[in-house]
Asks: 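Submitted below is the structure of interest, expressed as structure tokens.
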2 protein chains.
Amino acid sequence: MGLRERKKAQTHAALSWAAIRLTVERGFDQVKVEDIAEAAGVSPRTFNNYFSSKAEAIAFRHLDRCLRVAEELRGRPGEPLWDAITGSVLRQFAPDAEAIAHPPPVDAAQWTEGVRVMVAEPALRGEMLRAGATAEAEIAAAVAERTGGDPERDLYPHLVASAVMGAVNTAISHHLRIDAAVPVRRLLTDALDRIAAGLATP
Amino acid sequence: MGLRERKKAQTHAALSWAAIRLTVERGFDQVKVEDIAEAAGVSPRTFNNYFSSKAEAIAFRHLDRCLRVAEELRGRPGEPLWDAITGSVLRQFAPDAEAIAHPPPVDAAQWTEGVRVMVAEPALRGEMLRAGATAEAEIAAAVAERTGGDPERDLYPHLVASAVMGAVNTAISHHLRIDAAVPVRRLLTDALDRIAAGLATP
DNA sequence: CCGCAAATCTGCGCGGCGCGCAATTTTTAA
DNA sequence: TTAAAAATTGCGCGCCGCGCAGATTTGCGG
């Protein structure tokens, strides 16, 4: 990757993190695009060269994470399908090195509450789901490679991908709904196990 | 339901149908809010009393349909869970009396193509998914009633609801991707059956 | 090290959107 | 019939997304 692309990636990340941080701190519509651009050290106009809306900037990190699941999945060709899926998901949603570098310039509890408010924002929810759907296509492709199906014609890979993203979304929502001490890791494994078991009544 | 609420429902429907029709005909950003309002015989300002964006107006019909699935589900307490789910979904996504009343002032193929373009619109995709998520909460509640769980604390109802909406979305996407003669009904039953079977490799 | 071409950033400006506010019209209930 | 409640409407503001064209930076061959 050349210097050029690396700088682009940096700017993407900087803008996204700035958008998240400011939104968590102040709330979605107390943040202007101008503020995000300034925080990332770039002109307002440039913001829209990278993202077509505030919401997209905020959802970018989610998109990235989910895309990495597909990537990771391709890197585990041997394992049984659902083992590979669970492993990939857990890997990407583990406490993150990047997240530790960037994150809360404030109290942890306060941060979590800010995130809760943020993801409740209607405009954001749509954008997050859209990011999930984008990743879903990649996951479907990865699954198709593995099981030897055609993503254009077969329903199966898309169903699996959809179920996986559904499990992820559900686990995260549950985690934010209940601020209990249940670790996300357990919620994710539970969810995926249940799905692989046909969602039989517990 | 009083006269008042009925008129509101009418206006909702009128605005939504107008938004859909115009968007299918001209494309998303060739339609101004003003146009939709005019087509529904209402002032532009009133549009925003009903919907907070063009996208929301267009997605309204989808939201309505999906909410009816939850409603129908509550009306089938006896059946085994997945039979009830499949039944409810098929009922709501069958060729629709309302859709036949309102719909294409143009060629059917042309209409389908317009719909394809419409749902490809990024802003719309997010809004449709959000509508699905809203309905998902209702479905989860309905499932919880049936299985005797607590939607606040249990993961299971949400997982089922998520899987159902995932199946619906996947089936619809597949239907639009392949313009084959495969009826949506079959795609929906296939998808739901596979999920209830634990998504085993076919 | 130089200079050129391509990619990127930036300032400007426009049209549309979402919504608060207050006045007006319509509906409901007494 | 009349008063209260609710819905519709017009007006106006601030922000947003983006096209355009000029300035700036980056990558590369000489």
Asks: To the nearest Å, give me how far apart CD (A:Q10) and C1' (C:dT8) are.
Replies: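 Distance check: A:Q10 CD to C:dT8 C1' gives 15 Å.
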Asks: For A:R65 and A:H62, test the side chains for any donor-to-acceptor distance below 3.5 angstrom and give the result as yes or no.
Replies: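 Judged by distance alone, the side chains do not pair up.
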Asks: Is there a donor-acceptor contact under 3.5 Å linking the side chains of B:H12 and B:R61?
Replies: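 No, because no side-chain N or O of B:H12 sits under 3.5 Å from a partner of the opposite role on B:R61.
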Asks: I'd like to know if the side chain of B:S162 and the backbone of B:H158 have a donor-acceptor N/O pair within less than 3.5 Å.
Replies: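 Not confirmed, B:S162 side chain does not pair with B:H158 backbone.
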Asks: Could you run through nucleotides 3-14 of chain D and give me one letter per nucleotide, 5' to 3': B if any protein heavy atom sits under 4.0 Å from the base, S if only the sugar-phosphate is that close, - if neither?
Replies: ---BSBBBB---
Asks: If only side-chain N and O atoms count, and only distance matters, is there a donor-acceptor pair under 3.5 Å linking A:S173 with A:T170?
Replies: no
Asks: Starting at CD of A:E56 and ending at C1' of D:dC18, how long is that distance when rounded to a whole Å?
Replies: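 Checked: the CD to C1' distance equals 14 Å.
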Asks: Over how many whole Å does the gap from A:F51 atom CZ to C:dT8 atom C1' extend?
Replies: 16 Å
Asks: Salt bridge or not for B:D190 and B:R194, using N-O below 4.0 Å?
Replies: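 Salt bridge: no.
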Asks: So does B:E127 pair up with B:R130, basic N to acidic O under 4.0 Å?
Replies: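 Counted as a salt bridge, because a side-chain N and a carboxylate O are separated by less than 4.0 Å.
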Asks: Between C:dC12 atom C1' and A:F47 atom CZ, what is the distance in whole Å?
Replies: 19 Å
Asks: Give the rounded distance in Å between these two atoms: CZ of A:R6 and P of C:dT8.
Replies: 15 Å
